[in-house]
Number of protein chains: 2
Amino acid sequence: MKTNARILKDRIYEELAITAKAMGNPRRMEIIDLLAQGPFPVEAIAKYTGMSIANTSQHLQVLKNARLAEITRKGNFIYYQLAGQHVFSAWSALRELGVTYNAEAKKLVEDYQEQQQQQGISAEELLKKAKAGKVVILDIRPEEEYQRGHIHRAISIPLDELENRIRELSKKQEIVAYCRGTLCMLVNHAVELLAKKGYKVKKFDKGYQDWTMKGYPVDMASRP
Amino acid sequence: MKTNARILKDRIYEELAITAKAMGNPRRMEIIDLLAQGPFPVEAIAKYTGMSIANTSQHLQVLKNARLAEITRKGNFIYYQLAGQHVFSAWSALRELGVTYNAEAKKLVEDYQEQQQQQGISAEELLKKAKAGKVVILDIRPEEEYQRGHIHRAISIPLDELENRIRELSKKQEIVAYCRGTLCMLVNHAVELLAKKGYKVKKFDKGYQDWTMKGYPVDMASRP
DNA sequence: TATCTATTCAATAAATTTATTGAATACTTG
DNA sequence: CAAGTATTCAATAAATTTATTGAATAGATA
């Protein structure tokens with residue numbers, strides 16, 4: 001026999017668990033990781049994560065129902081994005097926790113970085129190269145994000161267009177690619193693609209977040 | 001056919017999801033909520049949450065394996081506690097997220113508070129009453145926590161001993177009970193018990209965390 | 001050492017979650 | 001309005017998670 005208070009408590013914790021439950025799945029973790037870089041349509045998310053469209057859609061429903069993600073339509077596509085800064089910070093906290101306490105996870109992330117064999121570059125190095133004018137800075141976030149603000153003089157080729165627009169880049173010049181921030185698995189994809197095709201490319205893996213935090217020069221939309 | 005990078009990624013996200021998954025269950029949410037107030041033995045957790053001992057133990061194993069909780073032995077008992085401050089903050093972020101975005105959860109928490117019909121008191125009010133010496137301040141956290149530091153002049157009766165030691169309190173004096181912090185469901189239990197027995201009791205529901213944050217007077221162990 | 005007791009383990013059934021398939025929707029664009 | 005396409009839904013089987021039961025274990029106490 002349950003007391004009134006117990007029933008109410010059960011329901012409270014059930015509701016609270018919905019949020020955590022929605023994050024507690026490897027596929028959805030990766031989706032959130034991706035969405036932390038900007039809005040993407042279902043198809044792109046499916047391709048990136050290697051899941052079927054239907055499966056991806058179902059996972060996205062879960063995130064949407066838990067109020068972690070929301071949608072905006074654009075032409076024929078539905079773009080998914082994180083519901084707000086709170087989501088990003090909760091997810092960061094969880095991720096941080098995972099990497100801090102879970103030695104296995106930590107090692108795997110390091111292995112991955114190593115396997116990619118990609119040279120990272122610090123914000124300071126990038127700033128120096130940029131000032132010397134010896135580098136093409138490539139913003140691989142969705143166009144819209146780029147419009148809102150980007151590293152000074154960066155050019156925009158969103159990741160999903162990179163393959164088609166790769167000829168806009170020169171193989172002679174050094175390229176530094178960046179995306180939003182954190183551990184940014186996304187920029188690895190861009191760098192991998194470019195390196196394979198013979199471009200001289202490095203990644204600025206700390207991303208736009210770190211850049212703005214340091215107060216380094218950016219170009220912003222006049223009316224934000 | 002999966003690429004090497006995909007396999008590695010899958011494993012990374014699987015590891016990262018373990019943490020979130022461990023939190024993504026109503027029962028474990030409540031356990032963490034309780035452990036956020038201090039260390040407790042299995043039996044006490046089972047009683048508080050209304051679960052069987054075996055079931056409680058299994059949930060605790062999950063938390064322990066996910067590195068969210070750790071144990072210390074004491075006599076015949078095994079005390080469970082949160083693994084560190086990181087766990088508390090990740091859990092707070094999740095909880096915050098749940099209450100912020102989930103209207104249903106928000107309403108339920110408010111309902112619960114209301115149903116309890118307990119008068120809350122602010123840190124400022126408590127300070128004023130304490131200065132006037134007209135109140136008994138009751139710390140219901142585990143003894144150890146109390147030893148480490150407590151509100152100035154508070155007395156210690158841990159929740160699990162309250163029923164047996166209730167006679168140490170006077171029905172004539174006003175009592176204000178407190179525990180660690182946040183939404184602190186725990187203090188509600190103490191207040192409920194005392195009110196039922198006819199004591200003049202209120203709760204300081206912001207808890208010790210809020211108190212110290214405001215720099216109000218505390219008594220601390222000389223060698224912390 | 002033997003006994004006691006708090007906790008864990010193991011087995012199982014019920015419930016939930018996940019991936020897959022193929023069909024159904026809903027929105028755009030012509 | 002029709003055709004096209006991105007996304008969602010529905011049904012199902014496989015996998016995982018949960019609660020329950022009763023037995024096993026490990027550490028403390030006598």
Side-chain angles (χ1 to χ4, degrees), chain A residues 1-2 6 10 13-15 17-32 34-35 39-66 68-81 142 160-161, chain B residues 1-2 6 10-11 13-15 17-32 34-35 39-66 68-81 142 160:
Chain A
M1 182 210 63
K2 286 185 177 181
R6 170 64 20 223
D10 281 355
Y13 287 109
E14 241 153 64
E15 285 298 326
I18 288 175
T19 312
K21 206 181 257 175
M23 291 194 182
N25 171 281
R27 308 281 149 258
R28 290 197 291 271
M29 264 286 187
E30 184 169 9
I31 291 177
I32 297 176
L34 178 61
L35 296 187
F40 290 91
V42 180
E43 198 183 358
I45 299 170
K47 190 182 168 199
Y48 176 77
T49 57
M51 291 193 284
S52 75
I53 303 250
N55 195 18
T56 304
S57 174
Q58 295 198 136
H59 279 301
L60 288 169
Q61 298 307 306
V62 174
L63 292 176
K64 200 174 71 176
N65 291 335
L68 297 179
E70 38 186 44
I71 60 173
T72 43
R73 300 198 80 103
K74 221 181 209 184
N76 241 339
F77 293 84
I78 293 178
Y79 280 78
Y80 276 81
Q81 66 206 61
D160 54 339
E161 298 175 22
Chain B
M1 183 211 62
K2 285 185 177 181
R6 173 52 35 214
D10 280 355
R11 293 197 48 209
Y13 288 109
E14 242 153 64
E15 286 297 325
I18 287 176
T19 312
K21 206 182 259 176
M23 291 193 181
N25 172 281
R27 307 281 150 260
R28 289 197 290 273
M29 264 285 187
E30 183 169 10
I31 291 177
I32 297 176
L34 178 61
L35 296 187
F40 290 91
V42 180
E43 199 184 357
I45 300 170
K47 190 181 166 200
Y48 176 77
T49 58
M51 291 192 283
S52 75
I53 304 249
N55 195 17
T56 304
S57 173
Q58 296 198 137
H59 280 301
L60 288 168
Q61 298 307 306
V62 174
L63 292 176
K64 200 174 71 174
N65 291 335
L68 297 179
E70 40 188 39
I71 61 173
T72 43
R73 299 199 81 101
K74 221 179 210 184
N76 241 337
F77 293 85
I78 293 177
Y79 280 78
Y80 277 81
Q81 65 207 62
D160 54 340

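Lettering of chains follows the sequences in order, A, B, ..., and the numbering in each one begins at 1. Quick note: numbers below take in every heavy atom, side chains included, and nothing from hydrogens, waters or symmetry partners.
- Here CD1 of B:Ile45 is found 10.5 Å from OH of B:Tyr79. Values are rounded to the nearest 0.5 Å.
- Looking at heavy-atom distances under 4.0 Å, A:Lys21 makes contact with sugar-phosphate atoms alone, never a base.
- Residue A:His59 places at least one side-chain N or O closer than 4.0 Å to OP1 or OP2 of C:dA19.
- From A:Leu34, atom CG reaches atom OH of A:Tyr80 across 13.5 Å, with rounding to the nearest 0.5 Å.
- For the pair A:Lys74 NZ and C:dT29 C1', the interatomic distance rounds to 18 Å; values are reported in whole Å.
- Note: CZ (A:Arg73) to P (D:dA6) measures 12 Å, nearest angstrom.
- Of the listed nucleotides (C:dC9, D:dT7, C:dT20), C:dC9 has the atom at the smallest distance from the side chain of B:Gln61.
- Atom CG of A:Leu63 and atom C1' of C:dT18 are 14 Å apart (whole Å).
- Across the interface with DNA chain D, nearest-nucleotide mapping of B:Ala54 and A:Phe77 shows A:Phe77 to be the residue nearer the 5′ end.
- For the side-chain contact (heavy atoms from CB on, under 4.5 Å) criterion with A:Asn25, the lone passing option out of A:Lys21, A:Arg27, A:Met29 is A:Arg27.
- Annotation: the span from B:Thr49 atom OG1 to B:Asn55 atom CG amounts to 8.0 Å, rounded to 0.5 Å.
- Rounded to an integer number of Å, the gap from B:Lys64 NZ to C:dT8 C1' is 9 Å.
- Between B:Ile78 and A:Asn25, it is B:Ile78 whose nearest contact on DNA chain C lies nearer the 5' terminus.
- Residue B:Tyr80 is classed as a sugar-phosphate contact, given heavy-atom separations below 4.0 Å to backbone atoms only.
- B:Lys64 contributes atom NZ, which lies 4.5 Å from atom CD1 of B:Ile71 (distance to the nearest 0.5 angstrom).
- Regarding contacts with the backbone of C:dT18, a side-chain N or O of A:Arg28 is found under 4.0 angstrom from either OP1 or OP2.
- Going from atom CG of B:Asn55 over to atom C1' of C:dA13 covers 14 Å, rounded to whole Å.
- For B:Ser57, the side-chain atoms get nearest to C:dT8 when compared with the rest of C:dT8, C:dA19, C:dT7.
- Separating the CD atom of B:Gln58 from the C1' atom of D:dA24 is a distance of 14 Å, rounded to the nearest angstrom.
- The listed nucleotides are D:dT8, D:dT18, C:dT28; the one nearest the side chain of A:Asn76 is C:dT28.
- Distance CG (A:Asp10) to P (D:dT18): 15 Å, rounded to an integer number of Å.
- Per the geometry, CZ belonging to B:Arg27 stands 13 Å off C1' belonging to D:dT17, to the nearest Å.
- Contact annotation for B:Leu60: no contact, since no heavy-atom pair falls under 4.0 Å across all strands.
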